[in-house]
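Chain identifiers are assigned alphabetically (A, B, ...) following the order of the sequence lines, protein sequences preceding nucleic acid strands; residue numbering begins at 1 within each chain.
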Number of protein chains: 2
Amino acid sequence: MGTTSNTARGKPAPSDVAAVSGERPLRADAQRNRTRILQAAESVFASEGIEVPVDLIAEKAGVGVGTLYRHFPTKEKLCEAILLERLAGLTADARALADADDPGAAFFGFLEHVVEEATAKRDLLVAVMGAGVAFDLAASEVKEDLRAAVDVLLARAMAVGAVRPDVTASAVMGLVSATCHAAAHDAAPSQDLLGIVCDGLRRQDHAG
Amino acid sequence: MGTTSNTARGKPAPSDVAAVSGERPLRADAQRNRTRILQAAESVFASEGIEVPVDLIAEKAGVGVGTLYRHFPTKEKLCEAILLERLAGLTADARALADADDPGAAFFGFLEHVVEEATAKRDLLVAVMGAGVAFDLAASEVKEDLRAAVDVLLARAMAVGAVRPDVTASAVMGLVSATCHAAAHDAAPSQDLLGIVCDGLRRQDHAG
DNA sequence: TGACAAACGGAACTCAGGCTCCGTATAGTG
DNA sequence: CACTATACGGAGCCTGAGTTCCGTTTGTCA
């Protein structure tokens, strides 16, 4: 899913935004290092959690800590950068589905997509969607964008009766985040958990 | 709910177990301090999260750090003590419902109970049921007991068709834990989220 | 009440992890 | 090729949190 949106994501240039928004053009090696750091951080955070020492990230990226800190003045900023990127990606994916033929499929498909993403890259998404940490500051706007995009999918899915009428986008995001969280630990395969949650989200026409 | 089980929990003497299992009878003030520490820790952990410095707990308990560490040789051990107590309490609650008249109500009522408990005492339960941290060691046995107790409720609820037949106790625990987690952050009221999850757990006889 | 073991308090130690500083290396330019 | 601004590396500083130590206090028992 989300083919259209892939332009907004992917490995090619995770630092596009920063590079463009920055004033001067950044020396070639600096640009390269920045990218390396982002990729390393993403990978390490994903496999070890946000707790890992910054030194490890620098090492994995093949740069010194000094370099890392020149690009991202704070560990928190580094996390933020990655998170924002990822959230933006999801938002794009959601928007790409906004006028899909089957609103129900679009909605549930998106949820599945999110869970897949988050399962692959443990912690991160979960942390944000659950608003776990303190990135709320800068992330809030982006997060709000995502919520809005989800809201569109949700509204359309409701309109065709694919989703019960009494849920909010926040609740959906919370549940999805929760699913990832549970799956990330042990519990059960994320697909199973999500399946249950999705059934709960559908129009409830069960007897009692 | 769980009135019968209340004997196994409650404020009166959170340190009973340890006091009994210990060899010598513990001097009166020591016993009192131990209790104070446990209560303080429970309260502080609940409101601030497990991250709080040990000093804070000692302060809130009105004892020195030294005293705290004499009773619990490690912060981790302190957490464990609280968690074990709480899990044991939940297990007792679950067992008390094992022969309830209405298995479906018992099962869903229990889930609601867990969410209430966890919402009140943020983080803690969530951390364990999700197996979040590293308490797995000592907690695993108790956790397994809980799982087993939940399994009984689940099996009975399935038997009467109140719950779909393809869920595991682990999945249930994961979902409940995750729901608490999501509710603890922002998302939506825990009751709303749990409601959705529970609908997902019910026999799914919806059309498509 | 006196004596002693048990328990206390909290200053200080240890260690880990975030972050800074500055001497060195190098991309970019004429 | 030389020259300079830009960027790099990583030793080391600093803070904060967990834990220990030891002189003082206190419960307990005769």
Discussion item. Both R32(B) and T74(B) contact DNA chain D. Taking the nearest nucleotide for each, which residue is further toward the 5' end?
Written reply: T74(B)
Within less than 4.0 Å of OP1 or OP2 of [N], is there a side-chain N or O belonging to [X]?
X: R70(A); N: dC8(D); result: yes
X: N33(B); N: dC8(C); result: yes
X: T67(A); N: dA7(D); result: no
X: H71(B); N: dA7(C); result: no

Worksheet item: Say you draw a straight line from SG of C198(B) to CG of L111(B); how long is it, rounded to the nearest 0.5 Å?
Response: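 If we round to the nearest 0.5 Å, C198(B):SG and L111(B):CG are 5.0 Å apart.
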Discussion item. Measuring from atom CD of E85(A) to atom CG of L90(A), what distance do you get when rounded to the nearest 0.5 angstrom?
Written reply: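 One gets 11.5 Å once the value is rounded to the nearest 0.5 Å.
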Worksheet item: How close or far is atom P of dA17(D) from atom CG of L78(B), stated in whole angstroms?
Response: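 Rounded to the whole Å, the gap is 16 Å.
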Worksheet item: Please walk me through it: do R32(B) and D29(B) pass salt bridge (Lys or Arg N to Asp or Glu O under 4.0 Å)?
Response: CA-CA 5 Å; R32(B) 179 163 33 80; D29(B) 54 345; 5.2 Å; no
From the list [options], which nucleotide is the closest neighbour of the side chain of [X]?
X: K75(B); options: dT19(D), dC8(D), dG18(C); value: dT19(D)
X: Y69(A); options: dA27(C), dC8(C), dT20(C); value: dT20(C)
X: R27(B); options: dG18(C), dT26(D), dG9(C); value: dT26(D)
X: V65(A); options: dC19(C), dC8(C), dT19(D); value: dC19(C)
X: P53(A); options: dC8(C), dA17(D), dG17(C); value: dG17(C)

Worksheet entry | Residue closer to the 5' end of DNA chain C, V63(B) versus D55(B) (nearest nucleotide) | V63(B)
Item to complete: With side chain to side chain contact (heavy atoms under 4.5 Å, CB included) as the test, would you mind laying out the steps for R95(B) and D145(B) before giving the verdict?
Response: CA-CA 10 Å; R95(B) 286 186 180 141; D145(B) 286 350; 4.0 Å; yes
